[in-house]
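The structure under discussion appears below in the form of structure tokens.
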Amino acid sequence: KPQSVTTASGVSMIVIPAGSFQMGSDEHEADERPRHEVRLGTFLMDQFEVTHDLFVKAQLPNPSRWQDDSRKPVERVRWREAKLYCNERSLMEELTPCYDEAKPGWPCDFTANGYRLPTEAEWEYACRAGTTTMYSFGDDPALLGEHAWHEGNSDFKYQKVGTKKPNPWGLHDMHGNVSEW
């Protein structure tokens with residue numbers, strides 16, 4: 001059973017267990033090659049995509065085109081805005097921000113206790129949730145609609161976070177809704 005933690009600001013996070021996995025693919029895009037083993041320590045990840053109400057709670061201007069429901073995910077967020085959100089959320093909880101806004105590119109201090117974006121390896125590991133199949137729910141793309149909002153079932157609109165089945169570690173919307181970078 002996934003272990004969850006609620007932050008001081010009320011955000012539900014999932015404890016992602018330490019482990020290793022085969023990252024990438026030898027069969028798809030060139031930037032995914034070669035498939036290789038990655039080992040990661042335990043880390044925390046938000047259970048849901050960042051919603052409009054969370055973004056606004058951090059006192060940041062909402063860049064989203066679609067703001068019709070505060071429980072829908074923020075979209076059209078640039079890399080710098082995502083880092084700023086992490087820093088502002090950290091400050092709200094009296095944590096040390098991870099991103100140094102005074103330096104070009106806002107480098108991340110991985111030793112800081114504040115919030116940060118997951119690395120590519122952390123995101124893929126969390127998305128796979130200990131599975132080795134194409135999706136965390138198996139290899140059958142016909143089941144995608146049970147686990148993800150996509151162009152075939154969303155009426156081409158973003159949907160409220162957490163309304164589809166989570167992956168085995170309890171993370172929602174890892175496939176679909178707002179595209180990941």
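Heavy-atom basis, side chains included; hydrogens, waters and symmetry copies ignored.
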Begin with the C-alpha distance, continue with both residues' side-chain angles, and end with the deciding distance and a verdict on side chain to side chain contact (heavy atoms under 4.5 Å, CB included) for N62 and V74.
CA-CA 7 Å; N62 190 337; V74 174; 4.0 Å; yes

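- In plain terms, the two heavy atoms of Y115 and Y99 that are nearest each other are O-CE1, 4.2 Å.
- Of all heavy-atom pairs between P168 and T131, the closest is CG-CG2, 4.3 Å.
- Judged purely by distance below 3.5 Å, without hydrogens or angles, the side chains of S20 and E37 pair a donor atom with an acceptor atom.
- Interatomic distance, N167 CG to S136 OG, rounded to the nearest 0.5 Å: 4.5 Å.
- I16 has its side chain within reach of L171: a pair of non-hydrogen atoms, C-beta onward, lies under 4.5 Å apart.
- The ring-ring contact (aromatic ring centres under 6.0 Å, His included) check on Y125 picks up F21, W169, with sequence neighbours excluded.
- Taking Ile, Leu, Val, Met, Phe, Trp and Tyr as hydrophobic and joining them when side-chain heavy atoms fall under 4.5 Å apart, one finds F137 in a cluster with M134, Y135, L143, L144.
- In this structure, the side chains of E81 and P63 come closer than 4.5 Å at one or more pairs of heavy atoms.
- For H172, the side chain to side chain contact (heavy atoms under 4.5 Å, CB included) partners two or more places apart in sequence, or in a different chain, are Q47, F48, P166.
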Let me see the working for L117 and W123 under side chain to side chain contact (heavy atoms under 4.5 Å, CB included), right down to the final yes or no.
CA-CA 9 Å; L117 300 169; W123 189 92; over 6 Å; no

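- Side-chain contact between M13 and S4 is absent, with no heavy-atom pair separated by less than 4.5 Å.
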Quick one, E151 with K157, criterion salt bridge (Lys or Arg N to Asp or Glu O under 4.0 Å). Give me CA distance, side-chain angles, the key distance, then yes/no.
CA-CA 8 Å; E151 69 179 27; K157 297 177 184 170; over 6 Å; no

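- H36 contributes atom NE2, which lies 10.5 Å from atom CG of D26 (distance to the nearest 0.5 angstrom).
- By the 4.5 Å heavy-atom criterion applied to side chains, V11 and R89 are counted as neighbours.
- For the atom pair CZ (R116) and SG (C86), the distance works out to 9.0 Å, reported to the nearest 0.5 Å.
- Scanning both residues, H175 and C127, for their nearest heavy atoms gives CE1-SG, 3.5 Å.
- Other cluster members for W149: none, since no ILVMFWY side-chain heavy atom sits under 4.5 Å from it.
- With contacts defined as side-chain heavy-atom distances shorter than 4.5 Å, the pair K164/E146 does not qualify.
- Contact between E88 and L60 at its shortest, heavy atoms only, is CG-CD2, 3.9 Å.
- Counting non-hydrogen atoms of neighbouring residues, nucleotides and ligands closer than 6.0 angstrom, the CD atom of Q59 reaches no more than 12 such neighbours.
- T133 OG1 to D139 CG: the interatomic distance, rounded to the nearest 0.5 Å, is 5.0 Å.
- Proximity of Q3 to T42: side-chain heavy atoms (C-beta onward) are nowhere separated by under 4.5 Å.
- For the residue pair T7 / E93, a side-chain donor-acceptor distance below 3.5 Å is found, with atom types taken as modelled.
- Taking the side chain to side chain contact (heavy atoms under 4.5 Å, CB included) definition, one finds that E120 meets it with M23, sequence neighbours left out.
- In the hydrophobic clustering (ILVMFWY side chains linked at under 4.5 Å, chained through shared members), F156 stands by itself.
- Ion pairing of D173 with K160 is absent here, as no side-chain N (NZ or NE/NH1/NH2) approaches a carboxylate O to less than 4.0 Å.
- The structure places NZ of K83 at 8.0 Å from SG of C108, a figure rounded to the nearest 0.5 Å.
- In this structure, R35 places its CZ atom where more than 12 heavy-atom neighbours from other residues, nucleotides or ligands lie under 6.0 Å away.
- Salt-bridge annotation for K72 and D69: absent, with no side-chain N of the basic residue lying under 4.0 Å from a carboxylate O of the acidic one.
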